[in-house]
Amino acid sequence: MLDWYDRHRRTLPWRALPGERPDPYRVWLSEVMLQQTTVATVRPRFEAWVARWPDAASLAAADEAEVMAAWAGLGYYARARNLVRAARAIATDHGGALPDTEEALRALPGLGDYTAAAVAAIAFGRRAVVVDANVERVVARLFRTAGKPAVRAAAETVTPDRRSGDFAQAMMDLGSAICTPRRPKCLLCPLASDCAAHAAGEEEAYPVKPAKKPRPARFGTIFWLEREQADGAREVLLVRRPAKGLLGGMRALPTGPWEDSQPGLSGAPVAADWLMLNQIVAHGFTHFTLELALAVARLDAHSASADGEWWPVDELAGAGLPTVFAKAATAIGRE
DNA sequence: GATTCGTGGTG
DNA sequence: TCACCAAGAAT
């Protein structure tokens with residue numbers, strides 16, 4: 001695998017070139033961004049992030065609201081909150097440098113078993129057994145085995161003592177390009193002659209995935225409340241969502257409750273002359289789907305105010321709205 | 001151990 | 001079109 005990696009490794013912005021020393025901050029940041037997120041999505045976001053916060057110290061000193069806005073659209077927003085928390089812990093408890101052991105990394109918020117092992121191995125050259133979805137798939141096929149404990153034990157047996165970080169990245173590159181979930185390219189695989197699943201012709205049967213539950217549908221209403229400044233500039237009311245839970249801590253358009261049937265105008269931010277648009281915004285979350293009706297109203301500048309933040313409509317792109325609200329804003333903008 | 005956390009690409 | 005899936009973590 002290491003020979004294959006030396007010939008076929010991808011060049012990625014967070015990855016040190018051969019002979020270079022990796023930057024632990026960049027390795028950590030990339031691993032967090034890549035949690036359940038594709039390389040294609042992460043690449044430009046990583047570049048923009050490190051241009052703005054180039055090291056752990058700058059991130060520790062950052063305004064959390066700006067960090068959350070910078071994460072908008074990436075999903076799993078607890079990752080951004082935990083990045084700030086971890087950066088501050090690094091500043092206060094570790095003298096400004098990332099800890100260099102798997103155990104100490106694992107104690108930082110947002111670093112679980114996978115990420116702690118990956119950073120220890122890739123950034124610090126520690127021997128660590130790195131098991132992500134790619135490694136699980138490659139190892140499950142190689143040994144034709146099932147279940148996370150068995151896969152982990154098998155991964156332990158094939159992880160080298162030296163260059164275990166390169167080994168992990170090699171397995172990820174292999175899983176990404178060759179040992180893919182569907183239609184793996186076994187003719188190109190350096191492990192094909194050793195692969196038990198390939199010998200049995202059952203590559204796609206591994207890894208064994210649990211059955212997925214159906215996603216229920218929920219319904220809600222987004223409230224677009226607008227006011228006009230004396231100079232004619234339009235502003236829309238934004239709110240900040242509660243710190244925990246879905247889209248936690250993110251700037252948002254006001255919504256009412258999300259329920260099993262359309263809740264109409266309940267939960268409106270103010271009593272106003274709401275107009276329901278003849279349009280629905282559909283959005284899929286991990287464990288349910290959401291269909292949102294759009295209600296719009298206008299306040300004149302002298303009427304009662306509403307709780308929240310008035311935001312210039314033509315600057316909404318800079319508000320850091322999660323995708324579902326960005327979709328709604330686009331839909332209303334077309335009206 | 002099962003749930004709850006987003007989003008975009010892909011076949 | 002849509003189910004599947006991704007460099008998972010926290011609770």
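In what follows, chains are A, B, ... by sequence order, proteins preceding strands, each numbered from 1. Heavy atoms only: backbone and side chains are in, while hydrogens, waters and symmetry mates are out.
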**Student:** Among C/dA7, B/dT7, B/dT4, which is the nearest nucleotide to the side chain of A/Y114?
**Tutor:**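 Of the options given, the side chain of A/Y114 lies nearest C/dA7.
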
**Student:** To the nearest 0.5 Å, tell me how far A/R251 CZ sits from A/W311 CH2.
**Tutor:** 4.0 Å

**Student:** Between C/dA6, B/dC5, C/dA10, which one does the side chain of A/N82 approach most closely?
**Tutor:**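 Looking only at heavy atoms from C-beta outward on A/N82, the closest nucleotide is C/dA10.
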
**Student:** Quick check: any donor-acceptor pair below 3.5 Å linking the side-chain of A/T38 to the base of B/dG8?
**Tutor:** no

**Student:** Roughly how far apart, to the nearest Å, are C/dA7 and B/dG11 at atom P?
**Tutor:** 14 Å

**Student:** Under 4.5 Å between side-chain heavy atoms, counting indirect links through other Ile/Leu/Val/Met/Phe/Trp/Tyr residues: same cluster for A/L83 and A/M33 or not?
**Tutor:** yes

**Student:** Look at the side chain of A/K213 and decide which nucleotide, out of C/dA10, B/dT3, B/dT7, has an atom nearest to it.
**Tutor:**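 Per side-chain heavy atoms of A/K213, the pick is B/dT3.
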
**Student:** From B/dG11, B/dT7, C/dA7, pick the nucleotide closest to the side chain of A/R182?
**Tutor:**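 Within the option list, the nearest is B/dG11.
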
**Student:** For residues A/E64 and A/R88, determine if any side-chain heavy atom of one lies less than 4.5 Å from a side-chain heavy atom of the other.
**Tutor:** yes

**Student:** Using atom CD of A/Q36 as one end and atom C1' of B/dG9 as the other, report the distance to the nearest whole Å.
**Tutor:** 14 Å

**Student:** What's the closest nucleotide to the A/K209 side chain, out of C/dC5, B/dC5, C/dA7?
**Tutor:**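 That would be C/dC5.
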
**Student:** Of the options C/dC5, C/dA7, B/dT7, whose atoms approach the side-chain atoms of A/S176 most closely?
**Tutor:** C/dA7

**Student:** Decide salt bridge (Lys or Arg N to Asp or Glu O under 4.0 Å) for A/R144 and A/E202; before the verdict, give the C-alpha distance in whole Å, the side-chain angles of both, and the deciding distance to 0.1 Å.
**Tutor:** CA-CA 9 Å; A/R144 206 182 171 195; A/E202 294 187 355; 2.8 Å; yes

**Student:** With nearest nucleotide decided by heavy atoms, which residue, A/D173 or A/L111, maps closer to the 5′ end of DNA chain C?
**Tutor:** A/D173

**Student:** Here's a test of your reading of the structure: between A/T323 and A/R183, which maps to the more 5' nucleotide of DNA chain B?
**Tutor:**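 The residue mapped nearer the 5' terminus is A/T323.
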
